[in-house]
There are 2 protein chains.
Amino acid sequence: MPVPLYQVKAEFFRMLGHPVRIRVLELLGEGPKPVRELLADTGVEASSLSQQLAVLRRAGIVTSEREGSTVTYALAGPDVADLMRAARRILTEMLAGQAELLDELRESDTAAAGK
Amino acid sequence: MPVPLYQVKAEFFRMLGHPVRIRVLELLGEGPKPVRELLADTGVEASSLSQQLAVLRRAGIVTSEREGSTVTYALAGPDVADLMRAARRILTEMLAGQAELLDELRESDTAAAGK
DNA sequence: TGAGTAATTGAATAATTCTTCAAGTCACTC
DNA sequence: GAGTGACTTGAAGAATTATTCAATTACTCA
């Protein structure tokens with residue numbers, strides 16, 4: 001009995017659904033990076049970062065390699081970067097749509113926009 | 001103070017991270033559908049479906065319209081279908097990669113694959 | 001108006017996921 | 001082999017999210 005595909009997809013998306021994990025994936029999109037650097041770029045605490053890296057590793061979306069005393073992470077494949085690009089495009093378009101909507105609303109309601 | 005983009009992205013992905021929501025989005029990818037049909041196609045209980053539809057509505061990713069006694073849902077924009085396609089592609093490639101890996105493992109370990 | 005169908009909502013409990021901190025491993029250097 | 005820096009792990013409590021059931025709204029039709 002195979003796990004249904006929509007379930008796999010849901011797990012995949014859920015795995016992406018965390019700010020730190022997103023940032024890490026985007027940073028790794030530029031190329032492999034040692035933990036030290038991820039730590040500096042994200043500003044989160046070492047053990048928090050490690051927890052999130054573990055999630056990404058378990059999902060098989062990143063790989064880690066130890067060289068001496070430092071550990072370097074990389075995207076497991078080029079597809080991930082593709083997905084992040086797709087997501088970026090979609091979100092910008094969606095946010096732009098919402099901005100337009102807001103503008104339209106403002107036109108008919110110039111004074112009372114309290115919040 | 002703008003909400004950082006990586007946070008918006010994370011929320012977006014988390015919103016996608018549920019089996020029923022994924023199925024609904026894929027069904028709506030074929031075109032607008034009345035709730036009755038979503039209900040039949042997914043097999044989930046009415047109120048569960050409604051809860052998930054509400055999540056998608058709040059996120060602005062689908063729209064609903066009432067015509068008489070039935071309510072019809074549709075994707076809010078074409079971008080969503082794009083994203084689902086991107087995700088499908090990526091997942092198939094990732095799963096294929098894992099399958100290869102499994103094959104490699106099997107070669108050196110033909111007898112003991114108990115689970 | 002009253003009964004019936006379609007869909008949604010509210011709210012309580014259950015389940016998952018996050019965050020944090022203490023402790024642990026691994027490699028290097030003294 | 002003790003000490004230190006780099007990173008990871010385990011585990012407990014806090015916070016979010018899912019599931020479920022009862023109640024409700026929005027209609028239709030007789």
Side-chain angles (χ1 to χ4, degrees), chain A residues 3-4 6-25 27-28 31-76, chain B residues 3-4 6-25 27-28 31-76:
Chain A
V3 180
Y6 54 82
Q7 173 110 25
V8 176
K9 273 189 205 171
E11 277 162 24
F12 182 73
F13 283 126
R14 194 181 304 160
M15 179 271 283
L16 293 175
H18 189 290
V20 171
R21 297 197 292 262
I22 294 280
R23 294 191 75 184
V24 166
L25 290 177
L27 288 167
L28 293 184
K33 292 215 176 341
V35 172
R36 165 178 24 86
E37 206 167 315
L38 296 174
L39 218 41
D41 289 351
T42 60
V44 309
E45 208 198 339
S47 97
S48 303
L49 180 61
S50 239
Q51 295 278 4
Q52 305 311 328
L53 288 174
V55 172
L56 296 174
R57 249 187 294 121
R58 265 180 250 128
I61 210 179
V62 303
T63 59
S64 71
E65 197 176 348
R66 174 154 226 144
E67 309 161 38
S69 78
T70 87
V71 177
T72 298
Y73 278 80
L75 295 184
Chain B
V3 180
Y6 55 81
Q7 173 111 24
V8 176
K9 273 189 207 173
E11 277 162 24
F12 182 73
F13 282 126
R14 192 180 304 162
M15 179 272 283
L16 293 176
H18 188 289
V20 171
R21 296 197 293 261
I22 293 281
R23 293 192 76 186
V24 166
L25 290 176
L27 287 167
L28 293 183
K33 291 211 177 344
V35 172
R36 165 177 23 87
E37 206 167 316
L38 296 174
L39 218 40
D41 289 352
T42 60
V44 309
E45 208 199 339
S47 98
S48 302
L49 181 61
S50 241
Q51 296 278 3
Q52 306 311 328
L53 288 174
V55 173
L56 296 174
R57 248 186 297 121
R58 267 179 249 128
I61 210 180
V62 303
T63 59
S64 71
E65 198 176 347
R66 173 153 228 143
E67 309 162 37
S69 77
T70 86
V71 176
T72 298
Y73 278 80
L75 294 184

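Throughout, a chain's letter reflects where its sequence line sits, starting with A, and its residues are numbered from 1.
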Start and end of chain A contact along DNA chain D [non-hydrogen atoms, under 4.0 Å]: D:dA6 to D:dA11
Give the table of side-chain donor-acceptor pairs shorter than 3.5 Å for residues 33-47 of chain A, with sequence neighbours excluded, one pair per line with atom names and distance.
residue: A:Thr42; atom: OG1; partner: A:Leu38; partner atom: O; Å: 2.8
residue: A:Thr42; atom: OG1; partner: A:Val44; partner atom: N; Å: 3.4

Smallest separation among heavy atoms of B:Val24 and B:Leu53, with atom names: CG1-CD2, 3.9 Å
Sugar-phosphate, base or nothing in reach of A:Thr70, heavy atoms under 4.0 Å: sugar-phosphate
Inter-residue atom distance A:Leu25.CG - A:Leu16.CG, 0.5 Å rounding: 6.5 Å
Side chain to side chain contact (heavy atoms under 4.5 Å, CB included) involving B:Gln52 - partner list, sequence neighbours excluded: B:His18, B:Val20, B:Arg21, B:Val55
Validation row: B:Leu56, B:Leu28 side chains within 4.5 angstrom (heavy atoms): no
Those residues that, when tested against A:Thr63, pass side chain to side chain contact (heavy atoms under 4.5 Å, CB included) (two or more places apart): A:Ala74, A:Ala76
Output one line per pair: protein atom, nucleotide atom from nucleotides 16-18 of chain C, and distance, for all N/O pairs under 3.5 Å.
residue: C:dT17; atom: OP1; partner: A:Arg14; partner atom: NH1; Å: 2.8
residue: C:dC18; atom: OP1; partner: A:Arg21; partner atom: NH2; Å: 3.0

If you restrict it to nitrogen or oxygen atoms, what contacts under 3.5 Å exist between nucleotides 21-30 of chain C and the protein, and what is each distance?
residue: C:dC21; atom: N4; partner: A:Ser47; partner atom: OG; Å: 2.7

All pairs passing side-chain hydrogen bond (donor to acceptor under 3.5 Å, both in side chains) where residues 64-76 of chain B contributes a residue, at least two apart: B:Arg57-B:Tyr73, B:Glu67-B:Thr72
Counterpart residues, side chain to side chain contact (heavy atoms under 4.5 Å, CB included), relative to B:Glu11 (two or more places apart): B:Gln7
NZ on A:Lys9 to OH on A:Tyr6, rounded to 0.5 Å: 11.5 Å
